[in-house]
Amino acid sequence: DQQVKQNSPSLSVQEGRISILNCDYTNSMFDYFLWYKKYPAEGPTFLISISSIKDKNEDGRFTVFLNKSAKHLSLHIVPSQPGDSAVYFCAARGDKIIFGKGTRLHILP
Amino acid sequence: DSGVTQTPKHLITATGQRVTLRCSPRSGDLSVYWYQQSLDQGLQFLIQYYNGEERAKGNILERFSAQQFPDLHSELNLSSLELGDSALYFCASSPPRGGEAFFGQGTRLTVV
């Protein structure tokens with residue numbers, strides 16, 4: 001039973017364009033959503049989060065949007081940079097923090 | 001540097017053996033989480049402790065156990081190891097108010 005789903009295993013985006021990573025969840029009890037970035041053989045690095053009472057949170061090039069009625073959130077990165085190439089995990093917090101399987105983002109030169 | 005320290009970084013051991021992974025949370029954080037990441041898989045939640053007490057449990061095998069000590073560091077014990085236990089094991093901590101969790105660099109366990 002996958003409560004947090006990232007349906008795109010990978011995504012390729014041209015440098016300078018917008019990267020949009022998507023995430024769906026099933027549990028209405030989640031109260032907090034998080035995005036992490038991960039490089040191989042390193043721990044996940046926290047990027048940005050959003051409370052369930054908000055619909056948007058912005059931090060520099062990163063913006064997270066939450067659509068509670070659709071149980072959907074997305075991470076927008078603009079403009080995309082080569083250093084953004086990594087695996088991005090969506091996570092949701094209820095009584096524990098559940099992660100999606102990740103989306104590998106490739107930024108093309 | 002997230003402030004979460006995990007030791008050892010690498011561990012190679014034989015099937016049937018027992019190992020202990022250690023995690024020191026960030027200063028002031030009361031919650032500790034353990035996750036397992038197998039090859040090309042997502043992060044599987046194992047267990048969470050809050051201020052010494054077990055708070056939530058995920059898909060943790062009976063051969064695995066954990067605890068959080070009074071100084072808030074945590075240990076994950078893996079016993080009767082099997083080849084399939086080879087994975088990256090991550091620890092994370094979060095502050096009392098909740099919110100985001102910060103991860104350590106992980107322990108790579110290889111069972112041979």
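Protein chains get the first letters and strands the later ones, always in sequence-line order, with residue 1 at the start of each. Values below: all heavy atoms of this structure, side chains included; hydrogens, waters and symmetry mates excluded.
Remark: A:Arg17 CZ is loosely packed, at most 12 non-hydrogen atoms of other residues, nucleotides or ligands lying under 6.0 Å away. For B:Leu83, the CG atom is densely surrounded, since the number of other residues' heavy atoms within 6.0 Å is greater than 12. Atom CG of B:Leu61 has more than 12 neighbouring heavy atoms from other residues, nucleotides or ligands inside a 6.0 Å radius. In this structure, B:Asp71 places its CG atom where more than 12 heavy-atom neighbours from other residues, nucleotides or ligands lie under 6.0 Å away.
By the rule that hydrophobic residues join a cluster once side-chain heavy atoms approach within less than 4.5 Å of another member, A:Phe89 and B:Val4 end up as members of one cluster.
In this structure B:Thr110 satisfies the side-chain hydrogen bond (donor to acceptor under 3.5 Å, both in side chains) test with no other residue, sequence neighbours excluded. Partners of B:Tyr35 under the ring pair (Phe, Tyr, Trp, His ring centres under 6.0 Å) rule, at least two apart in sequence or in another chain, are A:Phe99, B:Phe45, B:Phe103.
Chosen from A:Ile97, A:Asp95, A:Ile98, A:Leu34, the residue pairing most often with chain B at heavy-atom distances under 4.5 Å is A:Ile97. Interface check for chain A: of the options B:Gly104, B:Ala101, B:Gly106, B:Ser2, the most heavy-atom pairs under 4.5 Å are formed by B:Ala101. Across A:Gly43, A:Ser49, A:Ala91, the residue that shares the most heavy-atom pairs under 4.5 angstrom with chain B is A:Gly43.
Using a 4.5 Å cut-off between heavy atoms, B:Gln48 contacts chain A through its side chain alone, with no backbone atom that close. Heavy-atom distances place no part of B:Gln6 under 4.5 Å from chain A, backbone and side chain included.
Annotation: the span from A:Lys38 atom NZ to B:Leu43 atom CG amounts to 7.0 Å, rounded to 0.5 Å. Of the inter-residue distances, the one linking A:Lys101 atom NZ with B:Gln37 atom CD reads 10.5 Å to the nearest 0.5 angstrom. With rounding to the nearest 0.5 angstrom, the CZ atom of A:Phe46 is 11.5 Å from the OG atom of B:Ser94.
You'll find the side chain of B:Glu100 stays beyond 4.5 Å of the side chain of A:Trp35, heavy atoms only.
With hydrogens and angles ignored, the 3.5 Å screen pairs a side-chain donor or acceptor of A:Lys96 with a backbone N or O of B:Lys57.
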